[in-house]
Amino acid sequence: MRTQVVIIGAGPSGLLLGQLLTRAGIDNVILEQRSADYVLGRIRAGVLEQGMVDLLAEAGADARLRELGLVHEGFSIGFGERSFRIDLKGLTAGKTVTVYGQTEVTADLMSARHEAGSEVIYAAEDVSPMDFDGGHPIVSFRKDGKGYEIRCDFIAGCDGFHGVCRRSVPSKALSLFERIYPFGWLGVLVDQPPAAHELVYANSERGFALCSMRSPKRSRYYVQVSASERAEDWSDDRFFDELRRRVPKDVADSVRAGAAIEKSIAPLRSFVAEPMRFGRLFLAGDAAHIVPPTGAKGLNLAASDIRYLFDALREHYRDGSDAGLEAYSKRALARVWKAERFSWWMTGLLHRFPESSGFDQRMQLAEFEYLCASRAASMSVAENYVGLPY
Ligand code: RFL
Ligand code: PHB
């Protein structure tokens, strides 16, 4: 087999790149180790920056998003019983975010790819990227017991944090930067109307909580739990009880409990691998970096990587220029580190750390009060939350 670009991983990064390349007439194959149903069953992010929305439009996969996506002009930060609204629209000269689940983004990209007549090879085993430091990369894999090889010009490593691409790079060629937080988020999805019209992030003595949503009828809630907790030990009652104790009273009174459709714990981590290019292998999305979900940046960073990578590949094939490919890692990392900073900052402001002293808690409170009192401070939060320019 031969193609122009082999994409490893059919999460949002891989599907988005595949769809953009197909529409630009660039031949590509996507290899995914899981089944389509498994990929669709992962409940993850929910807040899209405008840059991601624009990219989905360019990929021809935004019809349902335009119909069902919820445009949000602000969000609130609760601190004990106090609450402060960040007016995203007012503080950023009109910018907003769109609440639309990652599951829906993935489903829309899957059907767009299917309609374009391109397929994804699901349940591909032992995928291995090879010879990417020379001019002729090869990707081998097994499917239904048979071995295959695809020759290509470039490999896009869109295979997430646990994928094979980053691990295929000689370790001396990589610099890794990491912080693992001593807690996770226990998330619950429930078919009940959201507690508030906008998202509510809360710092409480009992730990962080977040009230989010997927639609006017479906809510997504999170509470901070210690790294050793197990989702099975949290009944629905216990979860909603804890959530209500962590958010301001007016919000707590509006939380409607219900039977969880999904309940899982996500660990929190900050991670960056540098560089994001090795010869003809390009890393994008979670394969190269992870942010704690507090700033709602994970999926949006995947989108900005794909923006840069797609532009660079199109430039290569259409204009015969490799300038974009040469600049890819540096451009992507410049934006990644700013989102890492914002996500780390939001995490520090809103969570309870096991080692946190009275001084640390006063610092969080002072930070919150500064935010409430200073337009400059809330403008900084707003411009990061809606997404820094590409
Ligand atoms: P993904 O979505 O992990 O997709 C990677 C795909 O690659 C496949 N794969 C392989 N395929 C072939 N061969 C191999 N050897 C392979 N190894 C892996 C995987 O099966 C998978 O289908 O990465 P991508 O596309 O870069 O997208 C990134 C986003 O998914 C991610 O940034 C966000 O979901 C992060 N994230 C969250 N972000 C938010 O903004 N808000 C959230 O609330 C939020 N919650 C989460 C999250 C990530 C989580 N992870 C990674 C465990 C909750 C969780 C649990
Ligand atoms: C979500 O709705 O899943 C969500 C929203 C905002 C975040 C993280 C997750 O910061």
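Values reported hereafter were calculated over all heavy atoms of this structure, with side chains retained and with hydrogens, waters and symmetry mates removed. First listed ligand is number 1; within each ligand, the first listed atom is number 1. What you are looking at is a predicted structure, and each value in this text was computed from that prediction instead of being measured.
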Enquirer: Given that the side chain starts at C-beta and the backbone is N, CA, C, O, which of these parts of V127 lies under 4.0 Å from ligand 1, counting heavy atoms, or is it both or neither?
Expert: side chain

Enquirer: Is it the case that ligand 2 has an N or O less than 3.5 angstrom from some N or O of Y201?
Expert: yes

Enquirer: Of all the atoms in ligand 1, which lie at a distance below 4.0 Å from a heavy atom belonging to K297?
Expert: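 It comes down to these atoms of ligand 1: 40 (O).
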
Enquirer: Return yes when R220 approaches ligand 1 closer than 4.0 angstrom through a heavy atom, no otherwise.
Expert: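 No heavy atom of R220 comes that close to ligand 1.
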
Enquirer: For the 3.5 Å polar cut-off, considering only N or O atoms, please tell me whether G298 and ligand 1 meet it.
Expert: yes

Enquirer: Just distances here: any N/O of S212 and N/O of ligand 2 closer than 3.5 Å?
Expert: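 Yes, since at least one N or O of S212 sits under 3.5 Å from an N or O of ligand 2.
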
Enquirer: State the atoms of ligand 1, each with its element, that fall below the 4.0 Å cut-off from a heavy-atom position in C158.
Expert: 5 (C), 6 (C), 7 (O)

Enquirer: Have a look at G11, A36, G14, P293 and point out the one with the heavy atom closest to atom 4 (O) of ligand 1.
Expert: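 Among G11, A36, G14, P293, the closest heavy atom to atom 4 (O) of ligand 1 comes from G11.
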
Enquirer: Taking the side chain as every heavy atom from C-beta outward, state whether N384 and M346 have any atom pair closer than 4.5 Å.
Expert: no

Enquirer: Short list, please: which atoms of ligand 1 are under 4.0 Å from a heavy atom of I8?
Expert: 12 (C), 13 (N)

Enquirer: What atoms of ligand 2 come within less than 4.0 Å of a heavy atom belonging to L199?
Expert: 5 (C), 6 (C)

Enquirer: Using the ring pair (Phe, Tyr, Trp, His ring centres under 6.0 Å) rule, pick out the option among F154, F282, F278 that qualifies with Y328.
Expert: F282

Enquirer: Out of G9, S343, S13, indicate the one that has the non-hydrogen atom closest to atom 24 (P) of ligand 1.
Expert: S13

Enquirer: Check whether any N or O atom of Q33, backbone or side chain, sits under 3.5 Å from an N or O atom of ligand 1, and answer yes or no.
Expert: yes

Enquirer: Determine whether L21 and I7 make a side-chain contact, defined as any pair of heavy atoms from C-beta on separated by less than 4.5 Å.
Expert: yes

Enquirer: Identify the closest protein heavy atom to atom 19 (C) of ligand 1: which residue and atom is it, and at what distance?
Expert: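 Ranked first by proximity to atom 19 (C) of ligand 1 is E32 OE2, 3.5 Å.
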
Enquirer: Would a 4.5 Å heavy-atom cut-off, applied to side chains only, mark E58 and R307 as touching?
Expert: yes

Enquirer: Say whether F310 and L48 are linked into one hydrophobic cluster, either directly or through other cluster members, by side-chain heavy-atom distances under 4.5 angstrom.
Expert: yes

Enquirer: I need the atoms of ligand 1 closer than 4.0 Å to a non-hydrogen atom of G285, numbered in the order shown.
Expert: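 Close to G285: 26 (O).
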
Enquirer: Using heavy-atom distances, let me know which of R269, H162, R44, Q102 sits nearest atom 50 (N) of ligand 1.
Expert: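 The residue whose heavy atom sits nearest atom 50 (N) of ligand 1 is R44.
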
Enquirer: Within a strict 4.5 Å, meaning less than it, do heavy atoms of the R113 and N28 side chains meet?
Expert: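 Yes, close enough: below the 4.5 Å cut-off.
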
Enquirer: In Å and rounded to the nearest 0.5 Å, what is the CG to NE2 distance from D305 to H289?
Expert: 3.5 Å

Enquirer: Roughly how far, to the nearest 0.5 Å, is CD of E104 from CG of L40?
Expert: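 L40 CG to E104 CD: 9.0 Å, rounded to 0.5 Å.
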
Enquirer: Please check: side-chain N/O of S356 versus main-chain N/O of R352, any donor-acceptor pairing under 3.5 Å?
Expert: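 The answer is no, because no donor-acceptor pair under 3.5 Å joins these two groups.
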
Enquirer: Could you find the nearest protein heavy atom to atom 27 (O) of ligand 1 and give me its residue, atom name and distance?
Expert: P12 CD, 3.6 Å

Enquirer: Report the part of R214 in contact with ligand 2, treating N, CA, C, O as backbone and CB onward as side chain, heavy atoms under 4.0 Å; options are side chain, backbone, both, neither.
Expert: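 Only the side chain of R214 comes within reach of ligand 2.
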
Enquirer: G160 heavy atoms, cut-off 4.0 Å: which ligand 1 atoms fall inside?
Expert: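 Answer, ordered by atom number: 3 (O), 5 (C), 23 (O).
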
Enquirer: Under 4.0 Å from ligand 1, counting heavy atoms only, is it the side chain of Y222, its backbone, both or neither?
Expert: side chain

Enquirer: Considering only the protein, which heavy-atom contact is closest to atom 32 (O) of ligand 1, and what is its distance?
Expert: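 Heavy-atom neighbour on the protein nearest atom 32 (O) of ligand 1: D286 OD1, 2.6 Å.
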
Enquirer: Check E383, E73, E198 against K89 for a salt bridge (Lys or Arg N to Asp or Glu O under 4.0 Å) and give me the one that passes.
Expert: E73

Enquirer: Using a 4.0 Å cutoff against the non-hydrogen atoms of R42, which atoms of ligand 1 qualify?
Expert: 19 (C), 20 (O), 21 (C), 22 (O)

Enquirer: Is a side-chain donor or acceptor of D311 paired with a backbone partner of Y308 at a separation under 3.5 angstrom?
Expert: no

Enquirer: For ligand 2, is there an atom lying under 4.0 Å from some heavy atom of Q102?
Expert: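 For ligand 2, residue contact (heavy atoms, under 4.0 Å) with Q102 is absent.
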
Enquirer: Take Y222 and R220 through the side chain to side chain donor-acceptor pair (under 3.5 Å) test and state the conclusion after the steps.
Expert: CA-CA 7 Å; Y222 298 94; R220 179 71 167 159; 3.0 Å; yes

Enquirer: Using distance alone, decide if ligand 1 has a nitrogen or oxygen within less than 3.5 Å of any nitrogen or oxygen in R34.
Expert: no

Enquirer: With side chains defined as the heavy atoms from C-beta onward, is the minimum distance between V39 and M110 less than 4.5 Å?
Expert: yes

Enquirer: Which heavy atom of the protein is the closest neighbour of atom 55 (C) of ligand 1, given with residue, atom name and distance?
Expert: A266 CB, 3.6 Å

Enquirer: Are the ring centres of F79 and F84 closer than 6.0 Å?
Expert: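 No, the ring centres sit 6.0 Å or more apart.
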
Enquirer: Using a strict 4.0 Å cut-off to heavy atoms of T294, name the atoms of ligand 2 that fall inside it.
Expert: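 The atoms of ligand 2 under 4.0 Å from a heavy atom of T294 are 10 (O).
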
Enquirer: Of all the heavy atoms in K297, does at least one lie under 4.0 Å from an atom in ligand 2?
Expert: no

Enquirer: Quick one: CG on D236 to CZ on R238, what's the gap to the nearest 0.5 Å?
Expert: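 Rounded to the nearest 0.5 Å, the CG-CZ separation comes out at 12.0 Å.
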
Enquirer: So, Q50 side chain and V386 main chain: donor-acceptor pair closer than 3.5 Å or not?
Expert: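 No, the answer is negative, given that no donor and acceptor are paired below the 3.5 Å cut-off.
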
Enquirer: Is the closest heavy atom of L210 to ligand 2 under 4.0 Å?
Expert: yes

Enquirer: Are F141 and I150 side-chain neighbours, meaning at least one heavy-atom pair lies under 4.5 Å?
Expert: yes

Enquirer: With backbone taken as N, CA, C and O and side chain as the heavy atoms from C-beta onward, which portion of A287 lies under 4.0 Å from ligand 1: side chain, backbone, both, or neither?
Expert: neither

Enquirer: Which residue and non-hydrogen atom of the protein lie closest to atom 18 (C) of ligand 1, and at what distance in Å?
Expert: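 I find the closest protein heavy atom is D159 O, 3.1 Å.
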
Enquirer: Using the ring centroid of each side chain, check whether F183 and H351 are separated by less than 6.0 Å.
Expert: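 Here the rings of H351 and F183 have centres that are less than 6.0 Å from each other.
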
Enquirer: Which ligand 1 atoms does G163 reach within 4.0 Å, using its non-hydrogen atoms?
Expert: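 Here the atoms of ligand 1 in question are 17 (N).
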
Enquirer: Give the contacting part of Y221 toward ligand 2: side chain, backbone, both or neither, where contact means a heavy-atom distance below 4.0 Å.
Expert: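 Neither; nothing of Y221 gets under 4.0 Å from ligand 2.
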
Enquirer: For ligand 1, which atoms have a heavy atom of A296 less than 4.0 angstrom away?
Expert: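 The list of qualifying atoms is 40 (O).
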
Enquirer: Is Y222 close to ligand 2, meaning an N/O of one under 3.5 Å from an N/O of the other?
Expert: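 There is such a contact, yes.
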
Enquirer: Run the salt bridge (charged side-chain N to carboxylate O under 4.0 Å, His left out) test on E340 and K297 for me, step by step, so that the C-alpha distance in whole Å, both residues' side-chain angles and the decisive distance to 0.1 Å come before the verdict.
Expert: CA-CA 8 Å; E340 289 284 348; K297 289 286 161 257; over 6 Å; no

Enquirer: So is F141 in contact with ligand 1, going by heavy-atom distances below 4.0 Å?
Expert: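 False for this residue.
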
Enquirer: Purely on distance, is any nitrogen or oxygen of A45 under 3.5 Å from one on ligand 2?
Expert: no

Enquirer: How far is atom 42 (C) of ligand 1 from its nearest protein heavy atom, and which residue and atom is that?
Expert: A45 CA, 3.4 Å

Enquirer: Taking the six-membered ring of F161, is NZ or CZ of R166 closer than 6.0 Å to its centre and within 45° of its axis?
Expert: yes

Enquirer: Among protein heavy atoms, which lies nearest atom 8 (C) of ligand 2, and at what distance?
Expert: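 Answer for atom 8 (C) of ligand 2: P293 O, 3.4 Å.
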
